[in-house]
Amino acid sequence: MLNKIMINKISIGKISALIFTMLFLFIFNTNAQTKIKLPEGLCFNLPKDWKNDEIKTIGKSKAYTYSQKEFKIEDKTIVPRILIVIESLDSAVNLAQYTIQKRIDFSFSTDEVYFESDVNYPLKIDNTIAYKAYYTDKSMITHRLLIIHSVQNKMGIQFIIDIDEIGYAMTEMELWKIFQSVKMK
């Protein structure tokens, strides 16, 4: 009888420890992801500390903005942002035309350009050109960008991750995970 009680106490203790560990990991897991699927079929993963700020429709375009919870580096507040613009296109518009027009609309300098034909193409979405880029804002702060330009089913898609240079250095791996999770369903 005493052995059964001891075994039950040990089992209950192990089960309690396991439940506590699982609960702790669930609550404090910084790698937890939220799968986002937009009505237009674009899908991507975001860490749990990101939120949807706004959805705006302007004419034939729809814009989605997301931001990460702000954090501080060297007394500077950093807020990574994602802007997604999805717009209706004339069926005659191809990817090259679309990306040229978007580059004219929003000027940036490129560090790297990724084409589907590249051996190390980092994305899971077809008919896409991607950029690792930067620009300097009016306050002379350099921002790092990860950009996707894509044409899908008569839709033009821009997916832009924007963060200042200091923040990018600290969150580069997390931002690349978001960038590489983008796909169409």
field: Between Glu174 and Gln68, a side-chain donor and acceptor under 3.5 Å
entry: yes
query: Nearest 0.5 Å, what's the CG-OG distance between Asn153 and Ser91?
result: 12.0 Å
- prompt: Is there a side-chain contact between Lys177 and Glu172 (heavy atoms, below 4.5 Å)?
  reply: no
query: Are Val113 and Ile161 linked, directly or through other ILVMFWY residues, by side chains that come within less than 4.5 angstrom of each other?
result: no
- prompt: Are any of the side-chain nitrogens in Glu54 or Lys56 under 4.0 Å away from the carboxylate oxygens of its partner?
  reply: yes
- prompt: Can any side-chain N or O of Glu116 pair as donor or acceptor with the backbone N or O of Thr128 at less than 3.5 Å?
  reply: yes
- request: Taking the side chain as every heavy atom from C-beta outward, state whether Thr65 and Arg81 have any pair of such atoms under 4.5 Å apart.
  value: no
- prompt: Do the charged groups of Lys60 and Glu87 touch, with an N to O distance under 4.0 Å?
  reply: no
- request: Begin with the C-alpha distance, continue with both residues' side-chain angles, and end with the deciding distance and a verdict on side-chain contact (heavy atoms from CB on, under 4.5 Å) for Phe44 and Gln180.
  value: CA-CA 8 Å; Phe44 55 98; Gln180 292 175 319; over 6 Å; no
message: Is it the case that the side chain of Asp90 and the backbone of Ala92 share a donor-acceptor pair, with hydrogens and angles ignored and the cut-off at 3.5 Å?
response: yes
task: Check whether the ring centres of Tyr131 and His149 lie less than 6.0 Å apart, and answer yes or no.
output: yes
task: Output yes when a side-chain donor or acceptor of Ser150 lies under 3.5 Å from a complementary backbone atom of Asn127, and no otherwise.
output: yes
- prompt: At what distance, to the nearest 0.5 angstrom, does CD of Gln158 lie from CD1 of Ile147?
  reply: 8.0 Å
message: Is the distance from the ring center of Phe179 to that of Phe159 below 6.0 Å?
response: no
- prompt: Hey, is the main chain of Tyr98 close enough, under 3.5 Å, to the side chain of Gln101 for a donor-acceptor pair?
  reply: no
query: Can you tell me how far the CD1 atom of Ile78 sits from the NZ atom of Lys69, to the nearest 0.5 Å?
result: 15.0 Å
query: Does atom NZ of Lys183 have more than 12 heavy-atom neighbours from other groups under 6.0 Å away?
result: no
- prompt: Does Phe106 have its ring centroid less than 6.0 Å away from the ring centroid of Tyr135?
  reply: yes
field: Test item: Thr99 side-chain N/O and Leu95 main-chain N/O as donor-acceptor pair under 3.5 Å
entry: no
- request: Using a 4.5 Å cut-off on heavy atoms from C-beta on, say whether the side chain of Leu42 contacts that of Ile125.
  value: yes
statement: Output for pair (Lys132 NZ, Trp176 CH2), nearest 0.5 Å, gives 6.5 Å
field: Hydrophobic cluster membership, Val182 vs Leu83, 4.5 Å side-chain cutoff
entry: no
task: Kindly indicate whether the side chain of Pro47, heavy atoms from C-beta on, has any atom under 4.5 Å from the side chain of Ile178.
output: yes
- prompt: Going only through I, L, V, M, F, W and Y residues with side-chain contacts under 4.5 Å, is there a path from Leu145 to Tyr121?
  reply: no
message: Checking side-chain polar atoms at under 3.5 Å, does Asp53 have a donor or acceptor matched by the opposite partner on Ser67?
response: yes
task: Evaluate the side-chain proximity of Arg144 to Asp111: yes if any heavy-atom separation is below 4.5 Å, no if none is.
output: yes
query: Quick one: does Ile160's side chain get under 4.5 Å of Leu146's, heavy atoms only?
result: no
task: Check whether any side-chain heavy atom of Lys76 lies under 4.5 Å from a side-chain heavy atom of Ile166, and answer yes or no.
output: yes
message: Assess the residue pair Asn45 and Thr34 against the criterion (side-chain contact (heavy atoms from CB on, under 4.5 Å)); give the C-alpha distance rounded to whole Å, side-chain angles, the decisive distance to 0.1 Å, and a yes or no.
response: CA-CA 6 Å; Asn45 298 328; Thr34 300; over 6 Å; no
task: Please report the C-alpha distance between Thr110 and Arg103 in whole Å, then the side-chain angles of each, then the deciding distance to 0.1 Å, and finally whether the side-chain contact (heavy atoms from CB on, under 4.5 Å) criterion is met.
output: CA-CA 11 Å; Thr110 58; Arg103 296 278 319 260; 3.7 Å; yes
query: Got more than 12 heavy atoms from elsewhere within 6.0 Å of CG, Asp75?
result: no
task: Could you state whether Met184 and Ile36 fall into the same hydrophobic cluster, counting links through intermediate Ile, Leu, Val, Met, Phe, Trp or Tyr residues with side-chain heavy atoms under 4.5 angstrom apart?
output: yes
- request: Using distance alone, with no hydrogens and no angle criterion, decide if Asp162 and His143 have a side-chain donor and acceptor under 3.5 Å apart.
  value: yes
statement: Nearest heavy-atom contact between Met155 and Leu89 is C-CD1, 3.6 Å
query: What distance do Leu38 atom CG and Lys185 atom NZ have between them, rounded to the nearest 0.5 Å?
result: 13.5 Å
- request: Ignoring hydrogens and angles, state whether a donor on the side chain of Lys72 or Thr77 is under 3.5 Å from an acceptor on the partner side chain.
  value: yes
message: With heavy-atom distances below 4.5 Å as the criterion, would you say the side chains of Tyr66 and Ile84 are in contact?
response: yes
- prompt: Is there a path from Ile129 to Ile157 through hydrophobic residues (I, L, V, M, F, W, Y) whose side chains come within less than 4.5 Å of each other?
  reply: no
